[in-house]
Structure formats: C-alpha cells, structure tokens
Amino acid sequence: MENKRGSWGSNIGFILAAIGSAVGLGNIWGFPYKMGKSGGFTFLIIYVALAVFVGLVIMVAELALGRKTGKGVVDSYREVSKKFKWIGWLGIIAPFLIMSFYSVLGGYCLQYMMLNAAEFAFGVNNGIFADVSGGTTFGAMLTSPWACVFFTLFLMVLCYVIVKGGISGGIEKFNKIGMPALFVMLCIIIIRSLTLPNAVEGLKFMFVPGYAVNAGFISEAPGFISVLATAGGQMFFSLSLAMGVMVTYGSYLGKSENLVKNGGVIVFADTLVAILAGIAVIPAAVANGINKGMSVGEITLGGPKLLFVTLQDVFAEMGTFGPLFGVIFYALVLIAAISSAISLMEVCATFFVDRAVDKGKEPNRMKITFWISIAIMAEAMLVAVCGLGENGIAPANLLGIEVKGWNDCWLDFMDCWSEGVAMPLGAMLCSLMIGWELGPKFTLDEVHSGNKSAFFDKFFYICIRFVCPIVMAFVLKGQICDGFGLVGEAAGYIISGVLLIGFWIFAAVGNKKD
Ligand code: PFF
C-alpha cells in the first residue's frame, strides 16, 4: 500500500518540498504589498505572532492528520470525523480554484523573465522591445490574451512533468534544486536593492514602528482588527494551510519524523523568506520612486502593479545590467510559483491516487496528472483571457451586474471563493474539529511517535481550542468584508460570529471523549 502511493526519499526532501509549497507568490508579492497597505512594522509583528500561535499549531495538526491516516485531504477528514467529514472537500476545491490564477500569474513571470532576457541580450531600446517600462509592458501583456494562454500552458506543462514524476521522483527532486537556487537568487537581488541610493527609506518603512504613517507612505494606520485579519489571511495563504497541502504532504511522511520540529522549520523558513522578499522588493521600489522625484505616497506598493509595473520599472532604469537583474528576479518568482503550484496539484492528484489504491489498483499517476492539468488549464483560460478585467469578460460584465471587488475580474472571483471563504472557514472548522470533537490528544498521540514535549502539549492544547478558532473568525470576517466587499462590517461580524459559535457548539456537544 505504502509503495503504491510513494513516499518522501528523506526528511530534508520533505522539508524542502513543504517550504517550496509555502514559499510562493504570497511571500514575494503578497507579503510586501500587504505590509505596505497595513502600516509596515505593526503588520510584521502581528504576522509573526500569528505564525507562531496559529500557523505552527494548524501546521502540526494537519501534518499529524495526514500521517495518522496515510490519506489525502478528503479521505483523512472522512476517516477521523463524524461531524466534519465534509470539510476535506473545502481542502480540495480551494487548491483547484487557486490553480486557476496561480498558473496564469506564473505565466506572467515567465513572460517578464523572457522579456528581460531579450532586453539584456539585444540591448536596451533595441527597437525590438522598444519600451519595457512596467506600465506599458503590463498593459500590453494583459491585452494579449492568447500570449497569456500560451505562457500559462507552458507553465502547466512544466508542472505536469514534475507532478507525474511522483512524490520523491518529481516534487522532492524539483525542490531540492529549486529551493537553494531561489535562496541564492534572492540574496543577489537583496544586495542590488540595498545598494540603490535612498534604499534605506524602504528599510525604515519596514522596520521602524510608525514610520509608514509618519513619512507619508500611507495616510493613516489601519485599525488593529483590520491588520489582524489581513495578516491572518496572508499567514494562512503563505503557509499553505487549510488547503489540504500539509495533510497530503504529511501522509507521505515516516512515523519517526519529528512533526513539531519539521513544522517549526517550515514556519520559520517561510517567514524568513517573506521578510527577505520584503527587503528585496520594498527598498528597491521606494528608492526608484524617490530617485525619480516621486513623493513616497505616490510610490505603488500595492496590488499586481508592485510586481509587474513598479519592479519592472526598477530594472528598466538600472542601466545595462538592469535586465539581467530582471531575469534573476522573475526567475526566482517563477521557481517559487512552480514549487507552490505543484503542491496544489498534488492535493488533487493524491485524491485520485488514493481512490485507485483503495480499489486495489495500481495508480496511474501519468493519466491522473494529465487530466488534472487539463481541468486546471480550462479554468485558467478564463483568468488568462480576462486579463484582470481588461478584456471585457469579467464576471460583472458577463452577468451585467454592478462591479465589485469580487467580480471585477476572474482572478478576484476565484480568489474570493478559495482564499476568501474556503480557506478561513476550513481552518476554523479544522481547529474546532481537532480541538473539540476529536480532542487535542488525537493529534498529540501522533506527534508523540516522533518526539514528546510537555511544553508543546500545553501550548497546542490552548492554541487549538481557543486561539485558532477565534482568530480564524476574525480572518473570515475580514475576508468577506474588507477583502471583497461582499457584505458590510456589521453583517460580516454577525455572519462569522454565528458560524463560530454555531460550529463550536456543534463540535463540542455530545462527544464521548473530552
Ligand atoms: N503558499 C503559497 C504562496 O505563498 O504563494 C500559495 C499556496 C500554495 C497556497 C499552496 C495554498 C496552498 F495550498
């Protein structure tokens, strides 16, 4: 049975693959821009606290659940829980929806990498690529839907080749080379970024409390609850939690491995890369803006523009070697995108592999991965052709309804349901199931097969039962109101409060064990 599913070749291989899943566009793009929007240093502190008290706890719980059952996300929840059997489906639908835009964004990185490579090879302003200023490039790319479809397809072919290779032969192999390479490239970009004149302003923005407001980057500091919700949502996405990935990866892990230590290393590495990515991106963007005579308030640190407009401008204005740094930067983002995308695909692949194994058949990974890739390509076409709403096929256009955050383009639509609803809801229900239906002992017994620590047991008990569900309710509220404007503030609190209390009672009442 074990052999039919496959397993990690080594613990370090597993750790690098899990770090690969965690380190993605969320770190290099989402973290800097959410930090930019949410007051710099305050966001950083809240983020780190949440990563320790919520992220690590859910990470260990998910790894333990996967390893205990030896199954993918849908079957794991079905096997252990009477009341929450169905939440595994949230953990497979969300990665499938995320892949619709993750693959397109990976395709954008591929285009930018090649543009910069051509620019470097043929010289700046060579007449072939007359203008690689970020704004022009981005606009041209969005309105060339078929080029976007082509590059998305290219990315999907790469992911297909890796995932069809299996756990140790594909995913582990890619990450063993990809992760160290990514780290080296990131260091090169950091050095270049920090040696730009005025880069220190960007560092102060990140690390000096209150500087973001005092220096005029943002007009006023957002409230605590709003930062908590933004940081919580970002932390979950960045650590690949509540999407079935850690349950799936845990199901291929040996019994003697130390889950707490592994979880700690993954959380630490992911947070470190997010901060390093911030140091690579923010000072460069700020320095370039100031050197062009912009006021700090005018510099774009938010949204898609940060990665594809502001940073492209930085490279375009660096002189002869600028495009080379562009190639390195977009290549590193591409590796990060691929290492995350393959983990999202693996959640779906493991589901079908388990089906075959259950029926006593030899799973045909190649066929499974092929059909998953086709299905993802079909939904990704919508996102690619839509061009962030530029090409008139956004959900709002098609339905003829008022344009809102969730329907202004297909990317936001997919993101709304996956990252906005399925992820926080799934995480809240997972912590209630583990903390109250099954009891913390369920996870701790599994954790103890690799190590035992009375301190961790207490820490886990309190966090999984109280801290995680409450924080997740705030994140859910934040996602459905602030992120997507689905409902007003008061309604957001009511919806998430009712869900929290209702499911809390549902999880806790009538269990035989405590
Ligand atoms: N953690 C990835 C990032 O930061 O970009 C994205 C991601 C991968 C989210 C896998 C969820 C997931 F299951």
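All residue numbers in this chain count up from 1 along the given sequence. Note that ligands are numbered from 1 as they come in the structure, with each ligand's atoms numbered from 1 the same way. If you're wondering where the values come from, they're calculated on a predicted model, not measured in any experiment.
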Student: Cation-pi check for F442 against K68: NZ or CZ below 6.0 Å from the six-membered ring centre and within 45 degrees of the axis, yes or no?
Tutor: yes

Student: Measure the CD1-CD1 distance between I171 and I342 for me, rounded to the nearest 0.5 Å.
Tutor: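 Result: 5.0 Å between the selected atoms.
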
Student: Show the numbers, then the answer: is there a salt bridge (Lys or Arg N to Asp or Glu O under 4.0 Å) between E62 and R67?
Tutor: CA-CA 9 Å; E62 290 199 1; R67 188 172 73 174; over 6 Å; no

Student: Can you confirm whether or not the ring centre of Y112 sits under 6.0 Å from the ring centre of F329?
Tutor: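 No - the distance between ring centres of Y112 and F329 does not fall below the 6.0 Å cut-off.
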
Student: Knowing that exactly one of R5, K4, K71 qualifies, which makes a side-chain hydrogen bond (donor to acceptor under 3.5 Å, both in side chains) with D354?
Tutor: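 Passing option: R5.
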
Student: I would like to know whether W29 and F308 meet ring pair (Phe, Tyr, Trp, His ring centres under 6.0 Å); could you show each step before the answer?
Tutor: CA-CA 10 Å; W29 179 17; F308 297 115; 5.7 Å; yes

Student: Every pair of nitrogen or oxygen atoms between ligand 1 and the protein that is under 3.5 angstrom apart - can you list them with their distances to 0.1 Å?
Tutor:
{"residue": "ligand 1", "atom": "1 (N)", "partner": "S21", "partner atom": "O", "Å": "3.1"}
{"residue": "ligand 1", "atom": "1 (N)", "partner": "A22", "partner atom": "O", "Å": "3.0"}
{"residue": "ligand 1", "atom": "1 (N)", "partner": "F237", "partner atom": "O", "Å": "2.8"}
{"residue": "ligand 1", "atom": "1 (N)", "partner": "S238", "partner atom": "O", "Å": "3.0"}
{"residue": "ligand 1", "atom": "1 (N)", "partner": "S240", "partner atom": "OG", "Å": "3.1"}
{"residue": "ligand 1", "atom": "4 (O)", "partner": "A22", "partner atom": "O", "Å": "3.0"}
{"residue": "ligand 1", "atom": "4 (O)", "partner": "G26", "partner atom": "N", "Å": "3.4"}
{"residue": "ligand 1", "atom": "4 (O)", "partner": "N27", "partner atom": "OD1", "Å": "3.3"}
{"residue": "ligand 1", "atom": "5 (O)", "partner": "L25", "partner atom": "N", "Å": "3.0"}
{"residue": "ligand 1", "atom": "5 (O)", "partner": "G26", "partner atom": "N", "Å": "2.7"}
{"residue": "ligand 1", "atom": "5 (O)", "partner": "Y102", "partner atom": "OH", "Å": "2.5"}

